[in-house]
Amino acid sequence: MRLSSITLHLLTLITLCFAANAQTVTLKVETSKQKGIIQPTMWGIFFEDINFGADGGLYAELVKNRSFEFIQPMAGWQLHESNKFSMNSKSGDLSIIKTSDLQQTNLHFARATLHSDNSFTLTNEGFRGIGLKKDNGYIFSVMARQQAETAVKIQVVLQDSTGNVLAKAAIEPAGKEWKEYNATLTASKTVDNGKLSLVFSGKGTVDIDVVSLFPQDTWKNRPGGLRGDLVQLLADMKPGFIRFPGGCIVEGFHLDTRYQWKKTIGDPKQRELMKNRWNDEFKHRPAPDYYQSFGLGFFEYFQLAEDIGASPLPILSCGMACQFNSAELVPLDELDPYVQDALDLIEFANGSTQTKWGKIREQMGHPAPFNLKMIGVGNEQWGPQYIERYKIFSDAIRSKYPDMKLVSGTGPFSEGELFDYAAKELKTLKADLVDEHYYQKPDWFFKNASRYDNYDRNSYKIFAGEFAAQSVATVSPDNKNTWQCALSEAAFMTGLERNADVVYMASYAPLLAHTQAWQWTPDLIWFDNLNAYGTPNYYVQKLFSTNKGTHLASITLDGKPVSGQQNIYASATRDNSTSEVIVKVVNAGETPAQTEIQLDAKQKYSPTVKGTMLANSDLNSVNSLEKPKNVSPIDYTLSMKGNKLGLILPPQSLVVLRIKGR
Ligand code: AHR
């Protein structure tokens with residue numbers, strides 16, 4: 001790998017001998033002084049279907065509006081009319097039929113009628129195009145039936161944006177019953193903006209529904225599964241937990257558009273489609289084609305958690321619609337169905353296969369329990385209405401499942417009257433884990449690195465459930481995932497880690513964003529239809545998560561608690577399973593910092609120390625699809641003398657050190 005000149009410069013700095021006259025910062029680490037374990041859940045991920053994170057993102061379906069269920073049923077589809085065929089012409093027509101069968105959740109389908117022996121083409125545009133990779137296999141499927149004795153044939157064609165054919169296959173639906181037809185196509189070229197065309201020919205009437213195209217190389221090659229490259233980026237973080245499905249999407253604009261987990265399980269073809277709440281939330285980023293097919297539903301979330309070794313953390317509606325939107329409330333005496341949803345979800349995740357919901361989990365292919373240990377009640381709710389409702393949930397869940405940990409929240413505010421009110425009430429209610437959110441400027445993160453140093457040790461534990469430094473302002477479309485934002489988060493996270501006896505979980509938010517279809521920025525991982533990259537913030541999260549250690553260690557800076565003196569932020573842990581001391585140091589200053597790490601003199605240490613550095617001299621640096629590793633970690637080794645390690649921290653850097661005991 002070629003190192004950039006900045007990287008070489010930084011490496012030179014870090015291995016320089018100490019300058020005789022420069023002031024040295026001493027970081028003293030005492031592994032025996034501070035007791036307490038680092039929770040396995042300490043660093044996790046927050047997933048929400050925002051920015052095309054699910055449909056068009058993690059859920060690998062390539063066809064948009066596959067079941068013609070969008071409010072505009074032909075959205076995403078284009079009918080190519082010719083002199084032989086047009087909508088409602090003598091030669092044939094294409095109609096959208098709505099069934100009146102109340103048992104159905106997938107109500108619409110398309111009916112193509114060809115009166116004379118001719119042909120027409122229906123094209124799906126995908127999610128801002130369809131990404132196709134050369135030599136990759138694509139599995140096409142469709143539900144279809146014929147309405148007459150004479151048959152209509154369908155040719156399935158993958159094309160680039162100008163119509164060049166990249167693969168084709170033929171299917172011949174037969175009979176009057178709905179049946180699934182499949183074909184596998186191999187793309188002859190890589191394109192990020194391809195399309196899928198269905199060419200109908202012959203004479204007769206054919207009905208089609210659930211028109212689907214998935215890449216073969218999904219995560220674990222599961223048919224109808226998740227995008228492999230995106231899941232890999234998540235797995236690489238080794239997250240301690242995954243929170244799902246949000247975020248505001250849990251709450252809904254109105255109560256009837258809240259996230260209802262029971263509607264997201266069972267046969268994906270029958271899951272009831274819904275407009276995504278981020279479809280029209282922001283006037284400055286409209287996304288009229290943003291819907292939730294729920295192909296990625298609660299079963300798949302649990303499965304994903306299991307796959308990547310993360311504890312599942314579902315968050316459910318507590319009977320309050322988003323308070324930034326309609327703020328509708330369910331009356332307290334009508335809250336039962338909401339509470340029942342939570343109890344049933346626990347049974348779905350953990351219940352034996354003899355139970356109603358455990359049996360459904362088994363039927364979906366997972367007889368073993370999903371080992372659910374915690375559940376969230378509401379997302380960003382506030383005020384007495386939340387506390388009243390939380391109490392009802394808490395009583396019901398704790399009486400049936402006393403070991404289940406409950407996640408409650410202080411709302412969207414990181415301080416102030418409403419925050420203080422919720423904190424006081426939740427302490428009285430002996431809440432387990434309380435979710436705090438911080439969408440703030442980088443300065444706030446630096447200043448709040450000591451936020452938890454004096455937190456009440458006799459109260460609940462903290463879940464820093466959504467945080468991200470905003471380079472411009474919260475919900476500004478101009479926010480960027482700059483190195484400055486990531487560095488400030490790293491400084492803040494050293495404070496979370498130093499206080500891991502009270503901070504049990506933390507996650508950056510939001511997680512995913514499509515480069516052409518996002519609503520909210522900044523985000524941890526960006527992707528287009530072919531590729532994905534981690535932001536500088538991603539590498540910060542990954543470095544903390546993959547170097548978390550098992551136990552707390554005490555760390556002081558020049559004999560005092562670490563609080564950003566001389567622009568230095570630091571935390572220390574030990575990993576009992578590998579006999580390592582792990583030190584994380586942020587130098588937020590514009591000049592190199594000469595530093596000495598001092599460990600317990602009674603212990604012996606390997607002279608070779610593993611270091612990883614994330615640094616950039618330009619605070620505005622970002623990663624991109626073109627330069628995905630512009631700001632990314634560099635591994636190197638350092639030498640330890642006895643119990644002391646001297647190093648020069650580059651300006652604006654995060655350094656992680658793993659010091660092996662002997
Ligand atoms: O992360 C984006 C949004 O920010 C979440 O949906 C919400 O919980 C918060 O306000």
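Atoms within each ligand, like the ligands themselves, are counted from 1 in listed order.
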Counting only heavy atoms from other residues, nucleotides and ligands, does the tally under 6.0 Å from CD of Gln72 exceed 12? no
Would you say the side-chain atoms of Tyr259 and Arg277 include a donor-acceptor pair closer than 3.5 Å? no
Would Asn379 and Arg243 count as having a side-chain donor-acceptor pair, cut-off 3.5 Å? yes
Measure the acute angle between the ring planes of Phe467 and Tyr438, then classify it against the limits of 30° and 60° as parallel, tilted or perpendicular. tilted
Near ligand 1, which residues have a heavy atom under 4.0 Å away from one of its atoms? Glu48, Gly247, Cys248, Trp278, Asn379, Glu380, Tyr439, Glu466, Pro510, Trp520
Return each pair, listed once, that meets side-chain hydrogen bond (donor to acceptor under 3.5 Å, both in side chains) where at least one residue sits in residues 291-302; pairs must be two or more places apart or across chains. Asp55-Ser293, Arg271-Glu300
If only side-chain N and O atoms count, and only distance matters, is there a donor-acceptor pair under 3.5 Å linking Asn479 with Gln470? yes
